[in-house]
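What you see below is based on every heavy atom in this structure, not just the backbone, and it leaves out hydrogens, waters and symmetry mates. Since the model is a prediction, treat every value here as computed from it, not as a measurement.
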Amino acid sequence: MRALVTGGAGFIGSHLADRLVADGGHVTAVDNLSHGRPENLATATASGRCELVKLDVTDPDLLAVVRAAQPDVIFHLAAQIDVRLSVADPLRDVDANVVGTVAVLEAARCAGVPKVVLASSVAIFGPPARLPVTEQSPTRPLSPYAVSKLAGELYLRQYHDLHGLDTTALVLTNTYGPRQDPHGEAGVVAIFGDAMLAGRTTRVFGEGSNVRDYAYVADVVDAFVRAGRPGVATGQRVLVGTGTGVTDLELHRAVAQAVGVDAKPQYAPARLGDLPAMVVDCSGARRLLGWQPRTSLAEGLRRIVVAMRET
């Protein structure tokens, strides 16, 4: 497989590049390096079958890069993912997530790329009336970020219906694993782990009762690889998660156990707009992709702590 991965030097994108190279594929990783790091691709580029191109997906040169790469599939992971930044600067969010997605789709159409797989987010559902959410659950995006991800899905569907492009949107739950940034607002596992390893105080918001669904990055990458095959889940939205809810306090205890400390969190006021719970039904991924999560939370946390200790 020849693949182009946007956001390829980022957290999930670099793991996807590693997997594709390990499977014998050739990867062009496109990243503007605003958050991605070239060192994340050290193993992939050392193979000689992965090239990093520093470029924003909204750059007019994207089409030339896509034509030169001649990919069988584009995995579009480049995005602005900070919810609070999207509220503060919605125009920047639209440029990165909506204009960027349309630019990728248009480059794929013009270059004759058969398939595009988009990384979407459970944020599109907003506060769900029922859990777990499914592919058919009503969408109610509350932040500009969530609106932009839903718009990306709609553009994917439009390019499928109008131009016959093979498209799949993977709606990701909370993904964690090595290389995740512990300094942003996302990635609570990395934030907890980094603080505990350094002996710093951790905090949870509200009563620590918010529930989330945590998927290990290698399992999420496997879903991307399966979705990238021709004719798989064409024109579909597919939810990727574990189906298991974990409270903030349960996660805190699990990370502390993986680190080997007896850490107690500080309690901070609940954050405005935080969803009380989000869990996904991944039966659609089993049916459409032949996929299922394989890494337990305890094993995933053990791996991320090992990786963090090595950096």
Side-chain angles (χ1 to χ4, degrees), residues 1-59 61-62 65-66 68-69 71 73-82 85 96-97 100 104 117 119 172 174-198 200 214-225 228 255 258-259 295 299-311:
M1 175 188 290
R2 297 186 64 86
L4 188 145
V5 182
T6 72
F11 164 44
I12 301 176
S14 63
H15 282 281
L16 177 56
D18 282 346
R19 166 65 187 274
L20 293 167
V21 166
D23 288 351
H26 294 259
V27 177
T28 300
V30 173
D31 201 300
N32 67 7
L33 300 183
S34 59
H35 296 286
R37 301 163 57 191
E39 53 265 39
N40 286 344
L41 291 169
T43 300
T45 53
S47 71
R49 285 184 279 111
C50 178
E51 174 191 11
L52 172 60
V53 178
K54 183 180 178 182
L55 188 76
D56 192 284
V57 293
T58 61
D59 192 299
D61 289 339
L62 178 65
V65 171
V66 173
V73 57
I74 296 177
F75 296 102
H76 181 36
L77 285 77
Q80 190 296 112
I81 63 171
D82 189 321
L85 178 60
N97 293 351
V104 168
V117 180
L172 308 184
N174 293 51
T175 305
Y176 72 98
R179 303 177 195 160
Q180 192 164 30
D181 184 0
H183 303 297
E185 74 156 21
V188 65
V189 171
I191 293 170
F192 282 167
D194 184 67
M196 290 179 192
L197 286 167
R200 298 194 307 272
Y214 294 93
Y216 188 64
V217 64
D219 293 339
V220 171
V221 161
D222 186 53
F224 273 100
V225 172
V255 175
V259 174
T295 307
E299 174 59 18
L301 294 177
R302 183 193 70 78
R303 294 181 192 176
I304 193 173
V305 168
V306 167
M308 293 179 82
R309 283 189 165 124
E310 291 176 348
T311 57

Closest non-hydrogen atom pair, G177 against V217: CA-CG1, 4.0 Å
Do T28 and P71 make a side-chain contact, defined as non-hydrogen atoms from C-beta onward lying under 4.5 Å apart? no
Mind checking whether R309 and V259 have side chains closer than 4.5 Å, heavy atoms only? yes
To the nearest 0.5 Å, tell me how far T311 OG1 sits from E39 CD. 11.0 Å
Non-neighbouring partners of F192 that pass ring pair (Phe, Tyr, Trp, His ring centres under 6.0 Å), sequence neighbours left out: H252
Side chain of R2, backbone of A69: donor and acceptor closer than 3.5 Å? yes
List in chain and number order the residues that pass ring pair (Phe, Tyr, Trp, His ring centres under 6.0 Å) with F224, two or more places apart in sequence or in another chain; answer none if no residue qualifies. none
Compare all side-chain heavy atoms of M1 with those of D23 and state whether any distance is below 4.5 angstrom. no
Please determine, by modelled atom types, if D219 and T295 share a side-chain donor-acceptor pair under 3.5 angstrom. yes
Any idea which heavy atoms bring C50 and S47 closest together, and the distance? N-OG, 4.1 Å
Neighbour count above 12 (heavy atom, 6.0 Å) for R49 CZ: yes
Which atoms form the tightest heavy-atom contact between L20 and A3, and what is the distance? CD1-CB, 3.8 Å
Work out which heavy atom in A29 is nearest to a heavy atom in L41; give both atom names and the distance. CB-CD1, 3.8 Å
Side chain to side chain contact (heavy atoms under 4.5 Å, CB included) with F75: which of V5, L4, V225? V5
Atom OH of Y216 and atom CZ of R303: how far apart are they, to the nearest 0.5 Å? 5.0 Å
Atom pairs and distances, donor-acceptor, side-chain atoms in residues 6-17, under 3.5 Å, two or more places apart:
unit_1 : atom_1 : unit_2 : atom_2 : d
T6     : OG1    : H76    : ND1    : 2.7
T6     : OG1    : L77    : N      : 2.9
T6     : OG1    : A78    : N      : 3.0
S14    : OG     : G10    : O      : 2.6
S14    : OG     : F11    : O      : 3.2
S14    : OG     : R179   : NH1    : 2.9
H15    : NE2    : P178   : O      : 2.8

Rounded to the nearest 0.5 Å, what separation is found between the CE atom of M308 and the CD atom of Q180? 9.0 Å
Ignoring hydrogens, what is the shortest heavy-atom contact between V117 and G228? Give both atom names and the distance. CG2-CA, 3.9 Å
Separation between CG of L33 and CG of L52, rounded to the nearest 0.5 Å: 5.5 Å
Answer yes or no: is there a donor N or O on one side and an acceptor on the other, between the side chain of N97 and the main chain of A79, under 3.5 Å? no
To check you understand the geometry: which heavy-atom pair defines the closest contact between A119 and L172, and what is its length? CB-CD1, 4.3 Å
Under-4.0 Å salt bridge between D194 and R200: yes
